[in-house]
Colleague: 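Would you mind keeping the following structure in view while I ask a few things?
Keep in mind the model is a prediction, meaning the values are calculated, not measured.
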Amino acid sequence: MESKAKQVQAIAYMRTSSAANVGEDKDSSKRQLAAIETYAKRAGIEIVGSYYDAAVKGGGDPIERRDGFAAMLKRIEGNGVRTIIVETANRFARDLMVQEVGFRMLQARGIGVIAADSPTAFLDDTPTANLIRQVLGAVSEFEKAMIVAKLRGARERKRKTGVKVEGRKSIGETRPEVVEAARKLARATPKGGKPSLRDVSAGLAAAGYLTGRGTPFAPTAVANMLARGA
């Protein structure tokens, strides 16, 4: 017998804007949860938890700054649930820009959002939603371009001071004592003449100066030390 497929799990999220609608004698959160549970049952989704932000406006501030929403995200990160259900898209955020930004943030984390009254609300291609998505995309590209420009400017300023800012660091930067030892070994002696590159490499090895792999430096590496100061 084939095992039954695991049921999709979700977290219910509710929000009430006005403090006047918050309290045991009010039905805002109860009504929202009932609508979410009704949709979930119909869709075959198991509600495994619920979070509520009372007296929190639906526009302006980013959704992750809400206490209830932040607590929900923290739980989601630890329990593997990847679906949030709200009564309506407005309960997620009343401001359309905040909706889109919040939706993108959750998407980046692999989390989906469903509005019980309109399951495709966050995916609908309305002219306004498309415009906001295009603006957000443009802003994202602009921010990336600004970061690249700032990094390029920083590198150029460092170059002007003679500081190496790109590429793999040379041995002269990481092990200047090896370069100094190679220079001393390469100096011509009164009787022996100018040592070869292999002689310098052997001298470095005898003095305990080896490569990161524990082997003697190749003649070409020695030549680079002496030619450019590494």
Side-chain angles (χ1 to χ4, degrees), residues 4-143:
K4 185 178 179 180
K6 185 177 179 180
Q7 190 174 20
V8 175
Q9 296 182 329
I11 298 288
Y13 174 71
M14 293 83 69
R15 179 187 63 79
T16 301
S17 298
S18 175
N21 293 325
V22 176
E24 290 297 326
D25 59 332
K26 307 297 181 181
D27 69 347
S28 178
S29 62
K30 298 173 185 176
R31 187 198 67 249
Q32 291 179 54
L33 183 58
I36 291 170
E37 290 177 336
T38 297
Y39 166 78
K41 184 176 181 180
R42 187 170 63 246
I45 299 174
E46 179 187 5
I47 300 298
V48 295
S50 63
Y51 288 82
Y52 178 47
D53 275 309
V56 172
K57 300 295 183 183
D61 292 336
I63 58 174
E64 62 270 23
R65 292 184 184 175
R66 305 172 187 169
D67 292 341
F69 201 93
M72 177 177 64
L73 287 181
K74 186 175 181 180
R75 176 177 177 183
I76 286 176
E77 288 174 356
N79 68 4
V81 175
R82 287 295 175 267
T83 303
I84 296 171
I85 303 179
V86 293
E87 179 194 25
T88 66
N90 284 344
R91 293 301 175 184
F92 180 69
R94 188 171 298 281
D95 184 281
L96 190 53
M97 180 68 80
V98 176
Q99 271 189 27
E100 288 296 329
V101 172
F103 182 62
R104 281 189 172 217
M105 179 271 290
L106 292 174
Q107 272 192 321
R109 299 187 182 193
I111 303 170
V113 185
I114 299 174
D117 71 327
S118 179
T120 62
F122 293 97
L123 302 175
D124 287 344
D125 291 327
T126 65
T128 304
N130 280 330
L131 174 60
I132 290 177
R133 288 164 191 161
Q134 290 171 12
V135 170
L136 291 176
V139 169
S140 177
E141 290 301 315
F142 174 74
E143 289 177 342

Colleague: Using a 4.5 Å cut-off on heavy atoms from C-beta on, say whether the side chain of Ile11 contacts that of Val48.
Modeller: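 Answer yes - side chains close enough.
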
Colleague: Looking only at heavy atoms, which two atoms of Gly68 and Asp53 are closest? And how far apart?
Modeller: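 Where Gly68 meets Asp53 most closely, the heavy atoms are N-OD1, 2.6 Å.
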
Colleague: Who pairs with Ser50 by side-chain contact (heavy atoms from CB on, under 4.5 Å), at least two apart in sequence or on another chain?
Modeller: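 Expected list: Ala12, Met14, Leu33.
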
Colleague: Side chains of Leu106 and Phe92, heavy atoms from C-beta outward: is any pair under 4.5 Å?
Modeller: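 Yes, side chains in contact.
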
Colleague: Name all residues meeting the side chain to side chain donor-acceptor pair (under 3.5 Å) criterion together with Gln107; count only those two or more places apart in sequence or in a different chain, and write none if there are none.
Modeller: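 Expected list: none.
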
Colleague: When rounded to the nearest 0.5 angstrom, what distance separates OG in Ser28 from CD in Glu87?
Modeller: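 Spacing of OG (Ser28) from CD (Glu87) equals 7.5 Å.
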
Colleague: Please name all residues satisfying side chain to side chain donor-acceptor pair (under 3.5 Å) with Ser29, sequence neighbours left out, ordered by chain then number.
Modeller: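 Listed in chain order: nothing, the list is empty.
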
Colleague: Specify the closest pair of heavy atoms between Val81 and Ile76, including all atoms of both residues, with the distance to one decimal.
Modeller: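 It is O-CG2, 2.9 Å.
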
Colleague: Any non-hydrogen side-chain atom of Asp67 less than 4.5 Å from a side-chain atom of Val56?
Modeller: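 Asp67 vs Val56: side chains apart.
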
Colleague: Only pairs at least two apart or in different chains count here, so list each salt bridge (charged side-chain N to carboxylate O under 4.0 Å, His left out) that has a residue in residues 74-84.
Modeller: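 Output for this query lists Glu77-Arg109.
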
Colleague: Which donor-acceptor pairs under 3.5 Å do the side chains of residues 34-44 make with protein atoms, sequence neighbours left out?
Modeller:
residue, atom, partner, partner atom, Å
Thr38, OG1, Ala34, O, 2.8

Colleague: Please name all residues satisfying side chain to side chain donor-acceptor pair (under 3.5 Å) with Thr83, sequence neighbours left out, ordered by chain then number.
Modeller: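 If we apply the side chain to side chain donor-acceptor pair (under 3.5 Å) test to Thr83, skipping adjacent residues, there are no hits.
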
Colleague: Restricting to non-hydrogen atoms, name the atom on Ala93 and the atom on Gln99 that form the minimum distance, rounded to 0.1 Å.
Modeller: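 The answer is O-NE2, 2.7 Å.
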
Colleague: Rounded to the nearest 0.5 Å, how far does CD of Glu46 lie from CD of Gln9?
Modeller: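 The distance works out to 4.5 Å.
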
Colleague: Decide side-chain contact (heavy atoms from CB on, under 4.5 Å) for Ile111 and Met72; before the verdict, give the C-alpha distance in whole Å, the side-chain angles of both, and the deciding distance to 0.1 Å.
Modeller: CA-CA 12 Å; Ile111 303 170; Met72 177 177 64; over 6 Å; no

Colleague: Considering all heavy atoms of both residues, which atom of Ala116 and which atom of Pro119 are nearest to each other, and what is their separation?
Modeller: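 Looks like O-CD, 4.2 Å.
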
Colleague: Please identify each residue that fulfils side-chain contact (heavy atoms from CB on, under 4.5 Å) with Asp117, with sequence neighbours left out.
Modeller: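 So Asp117 forms a side-chain contact (heavy atoms from CB on, under 4.5 Å) with Thr88, Ala115.
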
